[in-house]
Amino acid sequence: MSWFHSSTAAVDARNYASPAEIVACFQDQRNVLSRLAFLITGDQATAEQAVVQACEMTLQGNSPFRDWLFEWTKAATIASAISHGTEAIRICEAAYKDRRCPHVEHLSQGDAEERAASLDLILGTDAQTLIAELDPLCRAVLVLRVAIRSSIQDCALRLNVSRAAVLAANCHALIWLQKRQVSPVAEDHDASHAV
């Protein structure tokens with residue numbers, strides 16, 4: 001019987017990321033992770049600190065599955081960034097107290113292709129513009145929903161704000177995102193007619 005357990009443990013160990021693989025993933029994806037953290041915290045030094053803390057926490061905890069390592073690094077970094085921005089996020093909750101989202105489609109997270117396009121868009125948008133145009137609660141909800149596919153309820157729990165505030169902030173962020181997705185096409189179209 002002990003042979004079976006030791007054999008299974010060896011197979012399972014091969015599926016988990018080693019400390020070297022964890023560090024390599026955080027280093028290889030540092031730009032993306034720093035950007036996601038920056039969009040939440042609004043401060044570059046704090047964002048960098050959040051990435052370092054996420055790496056340290058991952059190394060100290062149970063090793064994530066190798067196949068999910070990048071997803072894990074994003075989730076750990078976002079959680080660390082949220083812990084640094086909790087006060088700013090919570091202050092924004094009151095602004096959404098009386099707002100409602102009339103868009104049923106905003107509850108959907110979209111398919112993998114839509115989420116990837118949205119993630120590319122927020123990562124490609126000038127961070128200072130995004131930070132200027134969306135408050136900390138909207139930014140945190142947007143990053144959670146797009147980067148790690150968090151549900152509305154999960155966002156409320158992670159951010160320690162009401163579900164109603166998350167729904168309203170999500171609505172505001174998605175309208176902003178939809179305008180950004182349309183704008184580049186319109187600008188290209190206008191530019192081609194000007195020539």
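From a predicted model like this one, the values you see are computed outputs, not experimental measurements.
- Rounding to the nearest 0.5 Å gives a distance of 8.0 Å between CH2 of W176 and OG1 of T129.
- Note: S63 OG to N15 CG = 11.0 Å, rounded to the nearest 0.5 Å.
- Summarising the geometry of A173 relative to C138, their closest heavy-atom pair is CB-O, 3.9 Å, with the distance given to 0.1 Å.
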_Apply side-chain contact (heavy atoms from CB on, under 4.5 Å) to residues V141 and I152 and explain how you reach the verdict._
CA-CA 8 Å; V141 170; I152 295 295; 5.5 Å; no

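- Residues that satisfy the side chain to side chain donor-acceptor pair (under 3.5 Å) test with T41, not counting sequence neighbours, are absent from this structure.
- For A76, the side-chain contact (heavy atoms from CB on, under 4.5 Å) criterion is met by A54, T58, W72, not counting sequence neighbours.
- Annotation: the span from I78 atom CD1 to S83 atom OG amounts to 12.5 Å, rounded to 0.5 Å.
- Side-chain contact between Y16 and E21 is absent, with no heavy atoms from C-beta onward closer than 4.5 Å.
- Residues C92 and A88 come closest through the heavy atom pair SG-O, 3.3 Å.
- Evaluation of the salt bridge (Lys or Arg N to Asp or Glu O under 4.0 Å) test over residues 73-95, restricted to residues two or more places apart or in two chains, returns E71-K74, R90-E93.
- Checking side-chain atoms of S150 against main-chain N and O of R145 turns up no donor-acceptor pair under 3.5 Å.
- Residues forming a side chain to side chain donor-acceptor pair (under 3.5 Å) with T86 (at least two apart in sequence, or on another chain): none.
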*Report the C-alpha separation of Q44 and S34 in whole Å, then their side-chain angles, then the decisive distance to 0.1 Å, and conclude whether the side-chain contact (heavy atoms from CB on, under 4.5 Å) test is met.*
CA-CA 8 Å; Q44 193 60 53; S34 294; 4.2 Å; yes

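- Between Y96 and L167, every side-chain heavy-atom pair lies at or beyond the 4.5 Å cut-off.
- Checked against side chain to side chain donor-acceptor pair (under 3.5 Å), D67 has no partners two or more places apart in sequence or in another chain.
- Between Q53 atom CD and T46 atom OG1 the span is 9.5 Å, to the nearest 0.5 Å.
- The nearest pair of heavy atoms linking A50 to S80 is O-OG, 3.1 Å.
- Grouping Ile, Leu, Val, Met, Phe, Trp and Tyr by side-chain contacts under 4.5 Å, direct or through others, puts I131 with F38.
- Using a 4.5 Å heavy-atom cutoff, the side chains of L36 and L119 are in contact.
- Here CZ of R163 is found 10.5 Å from CG of L157. Values are rounded to the nearest 0.5 Å.
- By the side-chain contact (heavy atoms from CB on, under 4.5 Å) test, L59 pairs with P19, I22, V23, C55, sequence neighbours left out.
- Atom-to-atom distance recorded for L177:CG and L134:CG is 9.0 Å, nearest 0.5 angstrom.
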*asked:* Using the rule given for side-chain contact (heavy atoms from CB on, under 4.5 Å), can you reason through F26 versus V52, listing the C-alpha separation, both sets of side-chain angles and the distance that settles it, and then say yes or no?
replied: CA-CA 9 Å; F26 272 95; V52 170; over 6 Å; no

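- Residue pairs meeting the salt bridge (Lys or Arg N to Asp or Glu O under 4.0 Å) criterion with at least one partner in residues 31-49, sequence neighbours excluded, are R30-E48.
- Judged as a salt bridge (Lys or Arg N to Asp or Glu O under 4.0 Å), not a single pair has a partner in residues 120-138 (not counting sequence neighbours).
- Considering only heavy atoms from C-beta on, L159 comes within 4.5 Å of L144 through its side chain.
- Scanning for side-chain contact (heavy atoms from CB on, under 4.5 Å) contacts around Q29 gives C25, V32, L33, F70, with sequence neighbours left out.
- Put simply, the side chain of R139 gets close to the backbone of L39: a donor and an acceptor are under 3.5 Å apart.
- Under the rule for a side chain to side chain donor-acceptor pair (under 3.5 Å), T73 has no partner lying at least two apart in sequence or in another chain.
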